[in-house]
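It should be emphasised that the depicted structure is a prediction, and the values quoted were computed from it without experimental measurement.
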Amino acid sequence: MKALAAAAACNHLRPQDATFSRDSLQLLRDMAPSPPQPCPQHNAPCSFNDTVLDTNNTQQADKTTHDILQHLFKILSGPTTPAHWIDSQRQSLLNQIQRYAQHLEQCLADSHTRSRTRWPRNPHLTINKHFSCLHAFLHDNDYSACAWDHVRLRARAWLLHIHDLVR
């Protein structure tokens, strides 16, 4: 009965998906205005081949979305974010990411008990590698406002990927 109730909750996830991406993009915009000084163009570090995200499998899309959200939460919750970012908006975005990730986690746990399907590791490893590169990029650039602006742009791209994944 508990699994049935959780499955029903996951079936109602889809209407929230569209507002999650839109609301998160707005919070990101509000949280992180452009740096006070113009930034030099960085070489495009940490490129990402988004074709690894292509899937028609809803559970795999949910797993990939969950992985992305965990990484976004980790990088955006760090103590080294720029001073010009608005902390209250950042906290709202982090809360929203955390709530959505927890909901997906519950759905994935419930679906895992019903299905023992193993997911391809390529998207997970590629996502891990990309976020490790972003962490290194921040470190290598002394967590500058311009380096964070690049991360902000990547976070925006990830939120757009999530929108596509959960459609």
Check residues 71-83 and write down every donor-acceptor pair under 3.5 Å in which the side-chain atom is one partner and the other belongs to a residue at least two apart or another chain.
unit_1: His71; atom_1: NE2; unit_2: Asn128; atom_2: OD1; d: 2.6
unit_1: Ser77; atom_1: OG; unit_2: Phe73; atom_2: O; d: 2.7
unit_1: Ser77; atom_1: OG; unit_2: Lys74; atom_2: O; d: 3.3

| Which residues share a side chain to side chain donor-acceptor pair (under 3.5 Å) with Asp67, sequence neighbours left out | Lys63, His124
| Sequence-distant partners of Gln26, side-chain contact (heavy atoms from CB on, under 4.5 Å), two or more places apart | Arg29, Asp30
| field | Side-chain heavy-atom pair Asn141, His150 within 4.5 angstrom cut-off | value | no
| said: Quick check for you: to the nearest 0.5 Å, what is the distance between His103 atom NE2 and Arg99 atom CZ? | reply: 12.5 Å
| Shortest non-hydrogen contact from Ala145 to His84? | CB-CE1, 3.9 Å
| field | Residues Leu69, Phe20; criterion side-chain contact (heavy atoms from CB on, under 4.5 Å); working and verdict | value | CA-CA 12 Å; Leu69 290 174; Phe20 170 80; 3.6 Å; yes
| request: Working to the nearest 0.5 Å, report the span between CG of Leu28 and OG of Ser92. | output: 12.5 Å
| remark: Smallest heavy-atom separation, Ile68 atom then Phe131 atom, equals O-CZ, 4.3 Å
| Under the side chain to side chain donor-acceptor pair (under 3.5 Å) test, residues paired with Ser24 that sit two or more places apart | Gln96
| remark: So CE of Met31 and CG of Leu93: to nearest 0.5 Å the spacing works out to 5.5 Å
| query | side-chain contact (heavy atoms from CB on, under 4.5 Å) with Asp87: which residues, sequence neighbours excluded? | reply | Arg90, Gln91
Indicate every side-chain donor-acceptor pair of residues 154-161 with a distance under 3.5 Å to a residue at least two apart or in another chain.
unit_1: Arg154; atom_1: NE; unit_2: His130; atom_2: NE2; d: 3.4
unit_1: Trp158; atom_1: NE1; unit_2: His130; atom_2: NE2; d: 3.4

| query | Of the non-hydrogen atoms in Tyr143 and Trp148, which two are nearest, and what is the gap between them? | reply | O-CD1, 3.4 Å
| remark: Heavy-atom nearest pair, Thr65 first then Ile162, reads CG2-CG2, 3.7 Å
| message | Return the CG to CD distance between Leu104 and Gln70, rounded to the nearest 0.5 Å. | response | 10.0 Å
